[in-house]
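Each remark here refers to the structure printed beneath this line.
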Amino acid sequence: MDSKLYNEIQESFTNYLTEKKLRKTEERYAILEGVCAFTGHFDIVMLHNKIKEARYYVSKSTVYNTLEVLLDAGIVVSHQTSSQSVQYELKKYAEMHSHLFCTKCGSIREIKNAHIKGFLNAIKVPRFTPDFYSLYIYGTCSKCKNKIQREKKQIK
Ligand SMILES: [Zn+2]
Ligand SMILES: [Zn+2]
């Protein structure tokens, strides 16, 4: 991430914490830094590990609580990928791609398609102000498709 975008995100986080009268703790900023180190989706375990890699100790519950704050601040968005699994990503990034979701294994791939983006931006909805979008295309990933084909062959 370039430093301009990082400063922008950090500033909006500071403004949010000030507005909500929440404490500007070192932990919260360390977690924000961890979030910004990802260029795509991540889950809570991945984020926790990333912060540990930076040799900073925060508990998993602090990571979870701060993610809730970041969601509320509109800095991070979440994707419920299955009943037990949630993935997160920076809202700034979520707006730049669409998602291919494999219904067999729950994996998510990101695709950038200018046509989709242009189309969605052109939609005018009455009595509604769009903030951001997140598009999902559900299907089967190539890994799962190959697996299914191999299993079919074995049955024959
Ligand atoms: Zn995404
Ligand atoms: Zn799959």
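Atoms considered below: every heavy atom in the structure, side chains included; atoms not considered: hydrogens, waters and symmetry mates. Quick note: residue numbers are just sequence positions, from 1. Numbering of ligands and ligand atoms starts at 1, following listing order.
To the nearest 10 degrees, the angle centred on the Zn ion (ligand 2) between SG in Cys141 and SG in Cys105 reads 120°. Considering the Zn ion (ligand 1) as centre, the angle to NE2 of His97 and to OE2 of Glu89 is 110° (10° rounding).
Under the 3.5 Å distance criterion, with hydrogens and angles disregarded, no donor-acceptor pair is assigned to the side chains of Lys112 and Ser98. Residues Thr14 and Tyr29 bring a donor and an acceptor atom of their side chains to less than 3.5 Å of each other. A donor-acceptor pair shorter than 3.5 Å cannot be found between the side chains of Gln87 and His79.
Not a single N, O or S atom of His79, from either the backbone or the side chain, sits less than 2.8 Å from the Zn ion (ligand 1).
Glu8 has a carboxylate O that lies under 4.0 Å from a charged side-chain N of Lys92, or vice versa, which qualifies the two as a salt bridge.
In terms of distance to the Zn ion (ligand 1), the nearest N, O or S atom of His41 is named NE2.
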